[in-house]
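The basis for the numbers below is simple: all heavy atoms, side chains too, and nothing from hydrogens, waters or symmetry mates. Remember, it's 1-based here, ligands and their atoms both numbered in the order they're listed.
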Amino acid sequence: MAAEDTRIEPWKPDHPSWQDLQQLISDLGQYDWVSFQADWHIHSQIIVASEDARPVGFLRFVVQAIGPDADCSPLAISGEPLVEAKILAFGVLPDRRRRGIGRRLQIAAIESSRALGCYQVRSYSDGHHPENHRLKLALGFCAHPVMRPNGKEGVYFIFPLRPAAA
Ligand SMILES: CC(C)(COP(=O)(O)OP(=O)(O)OC[C@H]1O[C@@H](n2cnc3c(N)ncnc32)[C@H](O)[C@@H]1OP(=O)(O)O)[C@@H](O)C(=O)NCCC(=O)NCCS
């Protein structure tokens with residue numbers, strides 16, 4: 001199947017292939033990140049890549065105030081509370097990788113986040129996903145490496161979407 005035949009679109013639980021998506025999420029070991037809910041989540045969205053109605057990749061992001069998930073106060077500029085899209089889960093079936101699907105999922109998330117009024121898109125990746133790091137850097141994400149208290153390294157990736165009010 002040609003890459004352009006892969007559909008990229010948001011899915012909701014009433015989608016006829018929703019159960020197939022749950023299986024894909026489980027196969028990719030991302031169930032915990034798809035089911036994770038927190039008080040500070042304002043909105044949650046799943047964008048799916050599908051071929052002949054079969055899901056082959058997905059991305060989940062949530063919209064949230066900037067700050068509370070890091071135990072910080074909400075960030076506001078000139079009285080404008082800033083929200084971000086945080087990508088919590090992302091994956092493509094192993095036999096469908098390196099065909100541009102992951103890139104298209106990320107771009108769809110960036111476009112949706114911009115339409116939702118987000119200030120930035122952010123994600124965290126641990127040190128075991130070099131292909132994800134390459135993809136984020138190729139798309140122009142800024143990188144903020146961190147050392148976790150457990151001694152594990154990771155990287156926050158941030159993509160700015162718009163200037164805040166002056
Ligand atoms: C990360 C992932 C989603 C990328 O999906 P993908 O559909 O293969 O990505 P794309 O084909 O759109 O790749 C886009 C770019 O990312 C980079 N990239 C992707 N896979 C790469 C790899 N294995 N090695 C080096 N660079 C890679 C390249 O710059 C690539 O562009 P190019 O093919 O023109 O060189 C996929 O590898 C995956 O599911 N990995 C396991 C799960 C994971 O790591 N999830 C994210 C952290 S939870």
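- The aromatic rings of Phe36 and His41 stand perpendicular to each other, their planes meeting at an angle above 60°, with 30° marking the opposite boundary.
- Under 3.5 Å, the side chains of Gln45 and His43 contain a donor-acceptor pair of N or O atoms.
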Test side-chain hydrogen bond (donor to acceptor under 3.5 Å, both in side chains) applied to Ser17 and Arg54, step by step = CA-CA 7 Å; Ser17 299; Arg54 183 178 76 107; over 6 Å; no
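- Taking the six-membered ring for Trp and thresholds of 30 and 60 degrees, Trp11 and His15 have nearly parallel ring planes, at less than 30 degrees apart.
- Pocket lining of ligand 1, defined as residues with a non-hydrogen atom under 4.0 Å away: Gln30, Phe90, Gly91, Val92, Arg97, Arg98, Arg99, Gly100, Ile101, Gly102, Arg103, His129, Glu131, Asn132, Arg134, Leu135.
- Between Pro145 and Glu153 the shortest side-chain heavy-atom distance does not fall below 4.5 Å.
- Looking only at side-chain heavy atoms (C-beta outward), Val62 and Ile87 stay at 4.5 Å or farther from each other.
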